[in-house]
There are 2 protein chains.
Amino acid sequence: MSEEKRPKDQLKAHIRAQNQALILETSERVFARQGLAKTTTQMIADEAGLPKANVHYYYRSKKDLLEAVLERILRLWLDSVSEFNLEEGPKRNLTRYISEKIDQSRINKNASKIFAMALIGEEHFVLDYLRNLFVTELKREKATIQAWVDKGLMAPVSTEHLFISIWAMTQTYADFDAQVKIMLQKDELEESDFDEAKQFITRMVLAGCGVVEH
Amino acid sequence: MSEEKRPKDQLKAHIRAQNQALILETSERVFARQGLAKTTTQMIADEAGLPKANVHYYYRSKKDLLEAVLERILRLWLDSVSEFNLEEGPKRNLTRYISEKIDQSRINKNASKIFAMALIGEEHFVLDYLRNLFVTELKREKATIQAWVDKGLMAPVSTEHLFISIWAMTQTYADFDAQVKIMLQKDELEESDFDEAKQFITRMVLAGCGVVEH
DNA sequence: GTCTATATGTAGATAGAC
DNA sequence: GTCTATCTACATATAGAC
């Protein structure tokens, strides 16, 4: 009975996917620029070139839309940072991790800002995500670091404070870029600024963790 | 001609000062809890036990009120961190600076959060303040650090990236406390958590800057 | 699936009696 | 200086024609 409907369904599914993608991309820009609460569905609709009712057709409420944006951000985000590789040792791993985090902030600044805004506003959606992340990811990294400590490759440090510090330092270049620009007295940050940040942060982390050269 | 009015004027001035203080303190709590945009003058009025029109009598607009809150925060803030003392050398100075910044975040968490929210939202008021701060304060600190480098007391580092990192690490314990709580798996942060943060951050900064022991 | 028109709620702000 | 009542604007969200 639904045989004849398939082509039409496929077309509809295509339109749906396209419009949803357009709305999500536009929302990410507008949310990052205006702030979560100041953003209106009207602004998003205007910037996407759609009537407002169309936005509400795909995402019933503004809250639904924000959560869809956050989900997309977080999914892409996890993929852009490598897991620790036990055999390579702390020096290479920490250096790569910091580099990837800085790249992530630079390349997808809007995503980073939205995440920070949701976190500072204590959005349940983001807190729940972090709790999950903690269980699945962080515990593994913690075990890896402990193994390096046991092998004498680095000093015993608090994994929690280490990650808190690395995240704070790397994300500040995206989330508080207005402050960073004032500090560096630049109108826009260049790739070289991010490279200097990488070097400085890596140097501090490796030295602070007493990572042995090899 | 105004001789007889003085007592009445003094009373009015007293009432004004008291009400303004009440409104500012309440606003700081509500802004930090709800976020800048989600906060309504009605919420502030309710929590202060005043009618909304009374709030608008003292602060004509919500924007005026937010700026008054920010001004109060920033004024108190500068006073709570010591300036660098050239003779003491980098180890003592950096250790004290980090300790004071962490204390500041812990003791006045709401102020720190409001500042972060205003910064991420790129409020002109805060950006202008930072530009002033840069000119007056940071240039002096930069000269001091350069003097230490010249004396061989520490490695040559970028003052800008150093301050960006210290600010990021110390403020993250206040601004993103929800994230920190999840990482440390605690319902509330205790003074001991902040002490551990101090130690970890200090260790990283001193080691990363190659500060010589003495 | 699209979009105009509209319902409903609530924000910021003020007039004007006390 | 206080506070009720109200104005205006605009937000979210939806109904219903196309």
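Just so we're clear, the structure is a prediction, and the values are computed from it rather than from any experiment.
A salt bridge is absent between A:K38 and B:E122; no separation between the charged side-chain nitrogens and carboxylate oxygens falls under 4.0 Å. Residues B:E67 and B:K63 are paired through a salt bridge, judged by an N-O separation under 4.0 Å between the basic side chain and the carboxylate. Of the charged side-chain nitrogens involved, none lies within less than 4.0 Å of a carboxylate oxygen, so that A:E160 and B:K186 do not count as a salt-bridged pair.
In this entry the distance linking CZ of A:R16 with C1' of C:dG1 reads 9 Å, nearest Å. Between the OH atom of B:Y58 and the P atom of D:dC3 there is a distance of 10 Å, given to the nearest Å. For A:L66 and D:dA13, the CG to P distance is 12 Å, given to the nearest whole Å. To the nearest angstrom, P of C:dT2 lies 10 Å from NZ of A:K12. Distance B:Q20 CD to D:dT2 P: 11 Å, rounded to the nearest Å. The distance from atom CG of B:N54 to atom C1' of D:dT2 is 6 Å, rounded to the nearest whole Å. Taking atom CD of residue B:Q18 and atom P of nucleotide D:dG1, one finds them 12 Å apart after rounding to whole Å.
Remark: A:D177 engages A:K109, A:K113, A:K181 in a salt bridge (Lys or Arg N to Asp or Glu O under 4.0 Å) (not counting sequence neighbours). Take B:E25 and apply the salt bridge (Lys or Arg N to Asp or Glu O under 4.0 Å) test, not counting sequence neighbours, and it matches no residue. Remark: B:F176 pairs with no residue by the ring-ring contact (aromatic ring centres under 6.0 Å, His included) rule, at least two apart or across chains. The side chain to side chain donor-acceptor pair (under 3.5 Å) test applied to A:Q199 returns no partner, not counting sequence neighbours.
Between B:T144 and B:E83, the closest side-chain pair of non-hydrogen atoms is not below 4.5 Å.
Of the residues in residues 21-33 of chain A, none lies under 4.0 Å from DNA chain C by heavy-atom distance.
At D:dT2, one or more side-chain N or O atoms of B:N19 fall inside 4.0 Å of OP1 or OP2 (strictly under the cut-off).
B:S99 and B:K198 share a donor-acceptor pair across their side chains, judged by distance under 3.5 Å alone.
When each of A:M43 and B:I15 is assigned the nucleotide of DNA chain D with its nearest heavy atom, B:I15 is the one assigned upstream, toward the 5' end.
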Checklist entry - Reading nucleotides 12-18 of chain C from the 5' end, what letters show protein touch, with B for base, S for backbone sugar-phosphate only, - for no heavy atom under 4.0 Å? => result BBB----

